[in-house]
Structure formats: C-alpha cells, structure tokens
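A quick write-up on the structure given underneath.
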Number of protein chains: 2
Amino acid sequence: MITKKTKYAFKALIHLAGTPSGHPVLIADLAESENIPKKFLEFILLSLRKGGLLNSRVGKGGGYSLALPADKISVGSIIRILEGDFAPVQCLSTTNRTRCEECKDEETCGIRLTMADVHAVLTTTLGNLTLADMIERSEQARKKLRNVVDYCI
Amino acid sequence: MITKKTKYAFKALIHLAGTPSGHPVLIADLAESENIPKKFLEFILLSLRKGGLLNSRVGKGGGYSLALPADKISVGSIIRILEGDFAPVQCLSTTNRTRCEECKDEETCGIRLTMADVHAVLTTTLGNLTLADMIERSEQARKKLRNVVDYCI
DNA sequence: TTAACGTCTATAAAGTCTATAGACTAACCC
DNA sequence: GGGTTAGTCTATAGACTTTATAGACGTTAA
C-alpha cells in the first residue's frame, strides 16, 4: 500500500505536468489546490527535487516545475524516491539492501527466491508506467464520462 | 514491503509443509525451530487457521497442520490473510474497499486508474505462486549449492 | 481428573507516517 | 543594498501500526 506521502507526490506531479513549462508553481498554490498540508508538501517536493524529478527556483518568481517531460517520469521512480524502494523484502532492495535479520541463509531462502519474481514483475510494471500515463488515463476516463452524459441528454 | 508477521507465517507454513500429514506440530516447537516469538506466532497461526489455511487440534496430541496441500496455498492468500490486502491504494482493495479520503472523483482518478494495472499484475503473480513453489525453489538452490561444493572438492 | 495444548483479550514497547514550527538562505526588484 | 518573495533545512510532536508479551480460559486425550 503506497503511503499518503506518495499519493500527495503523484497529485503534485500531475498538477505540475498540467502547467505550461517555464511557469514555476508555488508550494502554497500547489498545497491549496491539491489539498495537501503545505509543510508536508514542502518536504515532498524537496525529496522529488533531490531525486531529480523537479526543478526549483528560489526567490520572487520562483517555484517548482518538472525537470523532465511527463512521459520520462516513471511511476516507479516516484515511489522509489518517496518510499525508498518497493522491494517486497529487505534483502531484495536495490537501494537499501541489507540482510533480513534472522534469515539464516539468504541464498537458499524460499521467501526471497519467490519474492524475487514479485519484485521483478513490480519493477517492470512500475518502470513502464509514467506520469503521462496517469494523466492520459484520467483524461480518457473524463472523456468517456462526458460522452455518457451527452448521450443521456 | 511485507511485514515480519507475514514472513513468520511463510516460515511456519514452510515448516508445516515439511512434516508428514497427520502429525500436528506444536506452537512451541514451531516457535523454537523457526526462531519466532511464541506468543506472536500463536496469533499468526490463529489467523491462518481462521483464513482456512491451517487445521488445529486442541488438547494433548494437538497442534497445527496444513489444511491444504502446499501447491494449493497461494502466496497471495497468505499475504491477504495477514496484511489484509495487497492493493497499492485503499480504493482498489478487494477486502477493505473504502474511498481514498480526499479523492474527489474516484472514477477519473489517474492514480487509481494506473495503480489498477499494478494491482492486477500483483494479483496474478501472487495468485500463481504457491507455498510449494517456495519450497521447491529453496530446495533447488540448496541442490545447486551442493553441486558447486562437490565440484570444488 | 489432570496435564497438554490451543484460544482469546488486553496491553506495552518500538517504530513509522503524517504534520507543524521556525530559523535560514537565495533570488529578484526597486 | 534593503525589502520582499520564495524555497531549504532541522527539529519535533501526535497519531497510527507493527511487534511482542502476559495471563486467564476452554478443550481434548489418556
């Protein structure tokens, strides 16, 4: 289950993707329009910037904007920045890899060997989905709904 | 990331799968041989029993045993019993489905629409992997290691 | 009827997630 | 260069979840 922090990040990124580039968005504006606690959002945006997904400009006329086009920002990279990783078990993590404390033999651990499959599938799926997909799917759903409404009228 | 509770469950189930059927295993023995806090394990085994994966017998000569053959126990069902679900977002949960608090429009939510893919992939993967797979992979890894060792000698 | 064994409720300890406060630094504009 | 705008950073508090323990109770076999 992804955390609220990550969901806030998705919302913020989707919002930023929808604003013309070169027009940085203020934390305060983003917080208000997406209903995210401002101070919490500050921290989230900072993480995303450090992760290379956002650019920021300090001072008047400053704010945040995407560092990459939306179709180059994978859902996986967003999750990795905010949750650290999405490995099902610690010993499979690519970023924080450590032993699973109490796993006697990592090499023959059935849990690990099985979860490796899950991890691989997740990595592929989350790596292929992008911010642009998120936006596109949302728009298509909106369009579909509108058509249904039109049809009803 | 699966919790310790679920990992303990995997270990316990693997252990139970390795004992001849009709021979119930004591919580205390299981706790000791798998290095799991006994009282915590009690609760885990109880959950697994209520989830239909284990049989138990109370009283002298009692204990726990698998309620199904190992190849009929999916990894997904184990996780579902202990973690409630593996949906990436609340609104996609099959067991505890509720709105995502603050999601204005579920039907056009890009996060939900995208995560639905992830959920589907996870459901398939975790549904196809079984306790028997876990055991088999562990054994194969052990065999492989032994061969390498033999070869070295 | 007694010893073996699982069941259940309550609760404590530790860790993580969510949120907030406030001081600080950088950039812009006059 | 001084005021204003805006992001940066550190610390910390509250709520919730995970992990673990204690103890009383119910059930079964011999």
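Each chain gets a letter, A, B and so on, in the order the sequences are listed, and its residues count up from 1.
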Checking all strands, does [X] fall into the base, sugar-phosphate, or nothing category for heavy-atom contacts under 4.0 angstrom?
X        : answer
Leu45(B) : nothing
Lys5(B)  : sugar-phosphate
Lys39(A) : base
Lys50(B) : sugar-phosphate
Ile27(A) : sugar-phosphate

If you look at every heavy atom in Arg97(B) and Cys91(B), which pair is closest and at what distance?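 Closest pair (atom of Arg97(B), atom of Cys91(B), distance): NE-O, 3.5 Å.
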Closest non-hydrogen atom pair between Leu92(A) and Ala116(A), with its separation: CD1-N, 3.5 Å
From C-beta outward on Val58(B), which listed nucleotide comes closest to its side chain: dA20(D), dC17(C), dT28(D)?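 Nearest listed nucleotide: dT28(D).
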Rounded to the nearest Å, what distance is computed from the [atom1] atom of residue [X] to the [atom2] atom of nucleotide [N]?
X        : N       : atom1 : atom2 : value
Glu42(A) : dT20(C) : CD    : C1'   : 10 Å
Ile44(B) : dG6(C)  : CD1   : C1'   : 15 Å
Lys4(B)  : dT17(D) : NZ    : C1'   : 14 Å
Leu46(B) : dT27(D) : CG    : P     : 14 Å
Asp29(B) : dA4(C)  : CG    : C1'   : 12 Å
Arg49(A) : dA6(D)  : CZ    : P     : 18 Å
Glu83(B) : dT18(D) : CD    : P     : 7 Å
Gln90(A) : dT16(C) : CD    : C1'   : 14 Å

Thr3(B) side chain near dT17(D) phosphate (N/O to OP1/OP2, under 4.0 Å): no
Are Tyr8(A) and dA19(C) close enough that a side-chain N or O sits under 4.0 Å from OP1 or OP2? yes
Toward the 5' end of DNA chain C, by each residue's nearest nucleotide, Gly61(A) or Tyr64(B):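 Looking at DNA chain C, the more 5' nearest nucleotide goes with Tyr64(B).
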Should we count CD of Glu107(B) as having more than 12 external heavy atoms under 6.0 Å? no
When you measure only distances, ignoring hydrogens and angles, does the side chain of Lys60(A) come within 3.5 Å of the base of dG7(D) through a donor and an acceptor? no
Please step through side-chain contact (heavy atoms from CB on, under 4.5 Å) for the pair Tyr64(B) and Leu53(B), ending with a clear verdict. CA-CA 10 Å; Tyr64(B) 278 99; Leu53(B) 264 39; over 6 Å; no
Five pairs at each end of the helix from dT1(C)-dA30(D) to dC30(C)-dG1(D): take the axis at both ends and give me the angle between them to 10°. 20°
Verify the distance criterion only: is there a donor paired with an acceptor across the side chains of Thr95(A) and Asp85(A) at less than 3.5 Å?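 A donor-acceptor contact under 3.5 Å links the two side chains.
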Answer with yes or no whether the side chains of Asp105(B) and Thr108(B) bring together a donor and an acceptor at under 3.5 Å.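 Looking only at side-chain atoms, Asp105(B) and Thr108(B) do form a donor-acceptor pair, the distance falling under 3.5 Å.
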If you assign each of Gly59(A) and Phe43(A) to its closest nucleotide in DNA chain D, which residue comes earlier from the 5' end?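 Comparing both residues, the 5'-ward one is Gly59(A).
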Can Glu32(A) and Lys38(A) be said to form a salt bridge (Lys or Arg N to Asp or Glu O under 4.0 Å), step by step? CA-CA 8 Å; Glu32(A) 202 190 340; Lys38(A) 187 173 165 248; over 6 Å; no
What verdict does the salt bridge (Lys or Arg N to Asp or Glu O under 4.0 Å) test give for Asp117(A) and Arg137(B), after you've listed the backbone C-alpha separation in whole Å, the side-chain angles of each residue and the deciding distance to 0.1 Å? CA-CA 11 Å; Asp117(A) 273 26; Arg137(B) 286 180 199 206; 3.1 Å; yes
